[in-house]
Amino acid sequence: MANERIIKELMNPNDLDSFSSINQENAWLNGYNKESYLKLLERPIPSNKNEEWRYTKISEAVNQFFLKAKGNKTLPYEFNDDESFDDDIRIYFYNGTYFHQGELPAYITTLKISQDHPYFESKIYDGNKSNDCLINALNTVLLTDMLSIETKSNQKIDKMIRIINLSHKDSALCPRISVNLAKNSSIKIFEHHQSSESSVLNSNIDIQLEENSTLDYFRLIEKQTQSHDLSSQKINIGENSRVNLFCLDSGADTSRSNIDVELDGDNSAININALFTPSEALHSGNQLKINHNAKGTKSSLDFRGILDDSSAGVFFGKVKVHKNSSQTTANMSNQNLLLSDYAKISTKPILEIYNDDVECSHSATSGNLDDEKIFYIKSRGIDEESAKKFLVQSFAAKIINKITHANMRETFNNHLLKSLKIN
Amino acid sequence: MSAKKTLLSIENLDASIGDKNIIKNLNLKIHYGETHAIMGPNGSGKSTLAKALAGHPDCKITKGTIHFKNIDLLTLPVEERSNEGLFLGFQYPIEIPGLSNSVFLKAAINAKNKYQKLNDVSATDFIKELKQKADMMGINQSFLSRGVNEGYSGGEKKRNEILQMLMLKPTLSVLDETDSGLDIDSMKIVSKGINSMLGEDTSSIVITHYERLLKYIKPDVVHVFHNGRIIKSGDYMLARELEEKGYEWLTNE
Amino acid sequence: MDPDNNQVSNPEIDNLIEKNYEYGFTTDIESETIAPGLNEDVIRLISKKKGEPQFLLDWRLKAFRHWSKLKEPAWGQLNIEKINYQDISYFSAPKLENAPKSLDEVDPKLLETYDKLGIPLHERAKLAGVAVDAVFDSVSVATTFKKKLLEAGVIFSSFSEAVKDHPELIKKYLGKVVPYRDNYFAALNAAVFTDGSFVYIPKGVRCPMELSTYFRINEANTGQFERTLIVADEGSHVSYLEGCTAPMRDENQLHAAVVELVALDDAEIKYSTVQNWYPGDEEGKGGIYNFVTKRGDCRGKNSKISWTQIETGSSVTWKYPSCLLRGDNSIGEFYSIALSNHHQQADTGTKMIHLGKNTKSKIISKGISAKKAQNTYRGLVTIAKNANHSRNYTQCDSLLIGDKCGAHTFPSIGVNNSSSILEHEATTSKISDDQLFYCIQRGINEEDAIGLIISGFCKEVLNELPMEFAVEARALLQVNLEGAVG
């Protein structure tokens, strides 16, 4: 693209040394930071001519990322995590480090505590190779610690693994997680980006499922003020395995999530149910690429946007059914409520199908609350404001009610109401 | 019989939808304790009257007055008309997926209590009453936690309207073609519900095409609507006559 | 008349051929082909030969200079062999010399198709490009036709005639809806277009008949770079049919046409197309590249533009008839059937740009792919900030027949105000085995059964076609599906 700027125009090669949060102790890790940085300098910053970045202005996020990287400071621990469910495993990412209270179970390790550098190095190497995107490259530059969750065959873990990302003011944070599920195993992960101010969070997760395994994955991104939240999720699903992903994104100056799913094994499935609820002048961008690479695979995407004030929402979904993936089912839906005349939505639900043995559908809607419904509720004695709140909630309930995990349903519902300013 | 008190008084009413004047100089008085049936062919303005009473935003009153309990109804917003005790049973009840019946009904009852400066209904009392009335209307308990009218059949929707009426205990119920699309069993259940509400202090307007509902709910007065006004009033026998002869003998006059 | 016995020596026919030159130029046919290649001199020559006014030449040259700077677009879903633009001859009069002299010389497969479509004998020759007969039969039609239109005040002529007779209208509207800067092929067309149709419906006039290129005798072989301009003045109404239901013989590989529609206050234009150019053989050899830019400007209040298209031909189709909804309360519609078989590639769809208040658009797209064909719907719906209370409804369905074909949908939707309502639905599936079995059990053979199911699948679009056209279109779908099974 002719008019795309190269990152080099923003940064100079020597700036890397000033990225204070980089762990200088680990020479090999520092090598990855450096390599990624030097490669990044040659990368263009995607402009709005680039189809995938058309409605997400990434240049400011990239700019802020480097600015904050230079000024990253280590701060004393100072946070509150008010939702406690005693059974959960809790891991925090703060100041560029994963930490936790008490002992971690054997299936979770962090790079910081592990003695096995080659093991982590191979994960970083493989992750970078399979996910060569801008978000991943940025993540690698500031990579200091990594979390690895790896089940054994037949291991079913009922406890929720809560990973809480805590950004502090003027910080750039790059959490990175690797998840591997062996045969017949199952886990639940809850990734929580707490609300923050003036920060850049760039999170990467690499997920692989072998046969017959199940991952329930919850992502909650609270409202970020004067901040940018970039994330990349790479998910490979093996035979008869399934991932259920729930997201709630309340928006940031730039909130952008790239979800790439490879349905590699026969009868593998992905279910994504998501709400995005930006308000004020915030943005929420959702990019999904689902590849059906095997027989009997299923994908179901249900995204609902509730957009208030002058916020902007983006949905870009591309479902591709490859030649040999017969008996595929793919459903993609993006419905949007525009609560203000200044809110905007852009949606692209794309289907690319190279096989005839498919049942695929996609739909998209946009509109405000239905006047007839408002009248019906008011005719039962309820005032207009409450009627509207009921309708907004009922719109979101379609997603919330799909969460079968009771604690999570409650958590998501509470955050939803908070985000919508409904008490 | 003592002098009857007036509940609803409509005088010289003109009402339009869009640019079209539908109700033309309508006069109607309903006393406490009375059931009035309004019959008439399609497009005669029956449903517009229901909309005018409930305050539907599409329906514009261009002339005349409506007094309900001696209050100028036209000055009240939709929800306050309801809180004053006016209930509209919708011809096409609205589906609100994701908003559960019980949450919705409780909010409505509490809104009315608040309007009347009463306390919120207790959760246990509410559930108890709701279950009892749902039983009466033949509505399965599992429906109560489902979305309002979500995926209901036509008959279920109408029974749900009557359930809402029973819970809200209005002074005046306006039932807009509640009988349409009902099979004979539902018809019996619906009329049982309506009859259980009737008493000295409540009134109802039953809008219908057919006489069959009126067999179960004996109206005190039957009005025939045509071109936005009442062209004939009578007792139940008028409904019987209409069933036999159709409307033409009246409308062709 | 028996078309098999056509002789070129018929005096009436000679007359007609003469008539063809009347609007062109008077030199000998053979010398009328400019040597292949494209440069400013070629454009000056085209313009001179057509006796065009200076403004048109200037416009052509500007378009050419712009085009020279552009890169040929590369689209994701299309697989196209490189086109050498310097190998094309940009001006050529009807190639009567090479045309078959009688139906005996015409490809028997083509004749078989006509038979199945039930095309009347006297029309077959024209369609197959036999130089004479068909026009002969159409003369009387054309004449009565023209007289009737003249009485109504409707202008319906070739583009070249219009440039001579109504330069002020051409100057006012040409390139206003599709500027030459619009895209690569629009720029190329603007530089080198040779002819096309012009329609003007005066204020308050309801065009007394369906206008059709089919009856315009001088339309034959207007060539690769056709340009159509239709202007419906305030309160007028016109229905325009383009193409015909039988495959047309055509020697040109590349077709890059431009169609511009303008509807002023309260005007309505209905534009229907049946496109059945040569799709190439079963191996995908040959066939037409059909790169068309079609756009309608609902400029006036309460105006309406409706596109209906049945796309069954060409090896590659690239076409997005669009509506610019500028006037308040204006309406845009797009009804499309795109059927691709064997190695055909169809990339088609629409753009609906809502700018005026209370504007409405409706998109119904049905794509069918069979064998190794690829079918893509590409659509854009934008509702601008100030286009309050606008509505869009889109439904695009794809049907797949066989496991080597592809169906793709690329909708792009942008809504910038809260009072507008947008709904988009799309499905992709294979032809239902249950439906097929049901039909076959009732004694219908598989091929016919597929035909029946497809015409059911396409019903909403077929219903938009004028009656007699719809019947032919149904037959056409059936014929084009031949060999799709098994």
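Here is the naming used below: chain letters follow the sequence lines, and residue numbers restart at 1 for every chain. In this text, all values refer to a predicted model and were calculated from it rather than measured experimentally.
Judged by distance alone, the side chain of C:Thr350 and the main-chain N or O of C:Pro321 form a donor-acceptor pair under 3.5 Å. Between the side chain of C:Asp434 and the backbone N or O of C:Phe437 there is no donor-acceptor pair closer than 3.5 Å.
The residue among A:Lys348, A:Glu359, A:Lys323 with the most heavy atom pairs within less than 4.5 Å of chain C is A:Lys348. Listed options A:Leu337, A:Thr365, A:Leu351, A:Leu339 were ranked by heavy-atom pairs under 4.5 angstrom with chain C; first place goes to A:Leu351. Per-residue counts of heavy-atom pairs under 4.5 Å with chain A were compared for C:Asn375, C:Leu400, C:Ile413, C:Asn417; the largest is that of C:Ile413. The candidate from A:Leu369, A:Leu338, A:Asp356 with the greatest count of non-hydrogen atom pairs under 4.5 Å with chain C is A:Asp356. Put simply, of C:Ser419, C:Pro411, C:Ser429, the one with the most heavy-atom pairs under 4.5 Å next to chain A is C:Pro411. Of the listed residues (C:Asn392, C:Leu380, C:Thr427), the greatest number of heavy-atom pairs within a distance under 4.5 Å of chain A belongs to C:Thr427. Interface remark: of the candidates A:Asn336, A:Val321, A:Ile350, A:Leu307, A:Ile350 forms the most heavy-atom pairs closer than 4.5 Å to chain C. Counting heavy-atom pairs closer than 4.5 Å to chain C, the top residue among A:Ser340, A:Gly367, A:Ser366 is A:Ser366.
For A:Thr347, the parts sitting under 4.5 Å from any heavy atom of chain C are the backbone and the side chain alike. At a 4.5 Å heavy-atom cutoff, the contact between A:Asn355 and chain C is made by backbone atoms alone. No part of A:Phe315 comes within reach of chain C, as not one of its non-hydrogen atoms sits under 4.5 angstrom from that chain. Neither the backbone nor the side chain of C:Asp397 comes within contact range of chain A; no heavy atoms are under 4.5 Å apart. Using a 4.5 Å cut-off between heavy atoms, A:Ala364 touches chain C through backbone and side chain atoms alike. In this structure, the portions of C:Ser412 lying under 4.5 Å from any heavy atom of chain A include both its backbone and its side chain.
Relative orientation of the C:Phe291 and C:Trp318 rings is perpendicular, given thresholds of 30° and 60° on the angle between their planes.
Side-chain contact annotation: A:Ser361 with C:Glu425, donor-acceptor N/O pair under 3.5 Å absent. Judged purely by distance below 3.5 Å, without hydrogens or angles, the side chains of A:Thr254 and A:His228 pair a donor atom with an acceptor atom.
Residues meeting the salt bridge (charged side-chain N to carboxylate O under 4.0 Å, His left out) test with A:Lys289, sequence neighbours left out: A:Glu52.
Counting non-hydrogen atoms of neighbouring residues, nucleotides and ligands closer than 6.0 angstrom, the NZ atom of C:Lys430 exceeds 12 such neighbours.
A salt bridge links C:Glu460 to C:Lys366: one of the charged nitrogens lies within less than 4.0 Å of a carboxylate oxygen. Classification of A:Lys223 and A:Asp229 as a salt-bridged pair fails, no side-chain N sitting under 4.0 Å from a carboxylate O.
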